[in-house]
Amino acid sequence: MIVLFTDFGPAGPYLGQMKAVLARDAPGVAVIDLLSDAPAFDARSSAYLLAAYAPEFPASTVFLCVVDPGVGGARAPLAVSAGGRWYVGPDNGLFAIVMRRAGAARAGAPKVWEIAWRPERLSATFHGRDLFAPVAARLARGESPPGDQRPAERVRTMAGADWPDDLARIVYIDHYGNAVTGLRAETLDAEAVLRAAGHDLRRAAGFSDLPRGAPFWYENANGLAEIAVNHGRAAQDLGLALGAEVEVVNQ
Amino acid sequence: MIVLFTDFGPAGPYLGQMKAVLARDAPGVAVIDLLSDAPAFDARSSAYLLAAYAPEFPASTVFLCVVDPGVGGARAPLAVSAGGRWYVGPDNGLFAIVMRRAGAARAGAPKVWEIAWRPERLSATFHGRDLFAPVAARLARGESPPGDQRPAERVRTMAGADWPDDLARIVYIDHYGNAVTGLRAETLDAEAVLRAAGHDLRRAAGFSDLPRGAPFWYENANGLAEIAVNHGRAAQDLGLALGAEVEVVNQ
Amino acid sequence: MIVLFTDFGPAGPYLGQMKAVLARDAPGVAVIDLLSDAPAFDARSSAYLLAAYAPEFPASTVFLCVVDPGVGGARAPLAVSAGGRWYVGPDNGLFAIVMRRAGAARAGAPKVWEIAWRPERLSATFHGRDLFAPVAARLARGESPPGDQRPAERVRTMAGADWPDDLARIVYIDHYGNAVTGLRAETLDAEAVLRAAGHDLRRAAGFSDLPRGAPFWYENANGLAEIAVNHGRAAQDLGLALGAEVEVVNQ
């Protein structure tokens, strides 16, 4: 299975062009759009989302990840093996959190390959189609990454190595206006209060426990603390924007 | 074939997570996104849309339907057999109209199962992924619903039992600004006038019959009366919002 | 492979209904959404986009193209063979540019069939589902178009025959706010300046060459001249709307 994680947006010609390459190079392999509206150009927020979604996918899933503001510049293209899954994309920290958690879970230390292969035609601005998609297809076919493994000391200093284990910020706002944080709920006490945009929010189990219009936070279906308003739109109702800081109080 | 009908929106991580479950549990089965922008939290409007789209799908199609404001609360999860097709989703009226029309068409009385099975991990807020998708996959594989059939008297009093046969409201606004009503055109006279937001609209066969800027209604490609403005955007031009009332005059 | 190119928008029930027909009539054939937000009702802008995307698709790809403001009117339904690929859609100029370039490339003169076949049920407003999708499925199965080939003299006077080889306008604005023109970059000098909305823009190789906030144009990954602002949103920052004129100066 190849899973797409991008900031391309739900429309536009970019997803389709990548999928055409995958259909050519890995025919018959299931391709699933996981997220097409990852925070644009924001590898850090995206890293915490990716790490929250990844564990429910089966072993040997290949994540093709394109949040790539530095495309065409000096950042290296990578293939990463972590927790039994593959990740293909730019070296900008996008994989920092999945790598750290895989290491912490003793699922085997993550391994990083620098992709040395270059296609015959490499555009300056669409490595997702020209470089990452063919490599993802290759991994999905069971082949090894076309490049050399990075030595451990260079892995330890990769982009994102200094990011926190959990990010106390809004990393995604969904279709319902819910504001997802980069904090794993399991790291928070039952009594923990999240303070965001001047609001103090208590934990609830889910939407059905609360009166209409009540703001709260809860553990979302991917394990992240998420801020919501019952029958409301939390982001608008509470004034929460992507990237807004969240403070954990009463912890 | 598994057909997805949700209010998840076209972006976001929810459709992809459901599809990953379907790919795991029903590999090789075609999965089609029918509607991802069903009226949010609005099971009633959605019920009339679903009933309009369903008949053109082949027998044994499984509709996986998630418009589920009560997720995590008391509403039961259902599997419904109506008109030769399967429907999986919450017991909130979403299937009331397909069930009624299947009964009226003598396609066999609809049958309702309450899903008794629960997955090992059931999140409080994403039954689409955790509960409905595995059941839809199971039905697509030809197995029976994991639960008991509801007795006929409990089926007759399900949510939506008191909704009208046709809904005289705007139930969807499409990408072109056309405003779809919950009224089947076949129930309306050729001379019927639809009154909406103070406008009286006559019937036309289609767009090419009318001058630019002319508002009208017509039978859309799914049999519903739809309000449009030739080369315009009816919802904005006429001030029609989702849920707005429509009056049938001159009938 | 069947490739969808439409102005249906990323949400809504139209793509899914077409895909259900394709799954029924061409089971097992890969179906890829290339563009769902082609300029609405704008066959001319769409024609230049389609011609830019098509060459990277393999021979015998079937493009199912629905940008069809004249649906239900007098315009004919077509199947076009150009450059080894098939195109199915309305006769409104949508295929004028792929046809011209295929002819110029001596890939064999393009051939045009007028689709004579009509389905049992043909709605007035959704020929994409009722007429074009079954024909696209038929071509994907290797069958010939159901209709007669147009004589060469009628092909030479088809809609779009008088459109320029390259269109000096904005034909698409993408998710990042980049403004795509209908000009092939290969037709422009390295020193060519694009003047749009009062701004004079010079060519750059890509985003990583420039300071933040700098506007420029570059050859995009499909060969078109595209106007961008590094770390900005060109359409908003420069005031560029779909259809805006672009002047080539210093050429």
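Numbers restart at 1 for each chain; the letters A, B, ... are given by sequence-line order, proteins then strands.
Chain B forms the most heavy-atom pairs under 4.5 Å with one residue out of C/Gly72, C/Gly70, C/Ala124, C/Pro13, and that residue is C/Pro13. Highest contact tally toward chain B, considering only C/Gly73, C/Ala11, C/Pro27, C/Pro10, is held by C/Ala11 [criterion: heavy-atom pairs under 4.5 Å]. In terms of heavy-atom pairs under 4.5 Å with chain C, the best-connected choice from B/Phe57, B/Tyr176, B/Phe5, B/Tyr172 is B/Tyr176. Considering only heavy-atom pairs separated by less than 4.5 Å from chain C, the leading option among B/Leu4, B/Val3, B/Asn222 is B/Asn222. With respect to chain B, the highest number of heavy-atom pairs below 4.5 Å among C/Arg24, C/Arg121, C/Gln17 belongs to C/Gln17.
Atom CD of C/Glu245 sits in a sparse spot, with 12 or fewer heavy atoms from other residues, nucleotides or ligands closer than 6.0 Å. By the 6.0 Å contact criterion, CZ on B/Arg202 is open, its count of non-hydrogen atoms from other residues, nucleotides or ligands being 12 or less. The environment of CG in C/Asp148 is sparse: at most 12 heavy-atom neighbours from other residues, nucleotides or ligands sit within 6.0 Å. More than 12 non-hydrogen atoms from other residues, nucleotides or ligands lie less than 6.0 angstrom from CD of B/Glu143.
For the atom pair CZ (C/Arg129) and CD (B/Glu56), the distance works out to 4.5 Å, reported to the nearest 0.5 Å. The NE2 atom of B/His175 sits 6.0 Å away from atom CG of C/Asp7, with the distance rounded to the nearest 0.5 Å. B/Leu35 contributes atom CG, which lies 9.5 Å from atom OH of C/Tyr14 (distance to the nearest 0.5 angstrom).
Judged by distance alone, the side chain of B/Asp37 and the main-chain N or O of C/Gly12 form a donor-acceptor pair under 3.5 Å.
Side-chain contact between B/Glu226 and C/Thr125: absent, with no pair of heavy atoms (C-beta onward) separated by less than 4.5 Å.
Using a 4.5 Å cut-off between heavy atoms, C/Phe8 touches chain B through backbone and side chain atoms alike. With a 4.5 angstrom heavy-atom cutoff, B/Ile32 touches chain C only via side-chain atoms.
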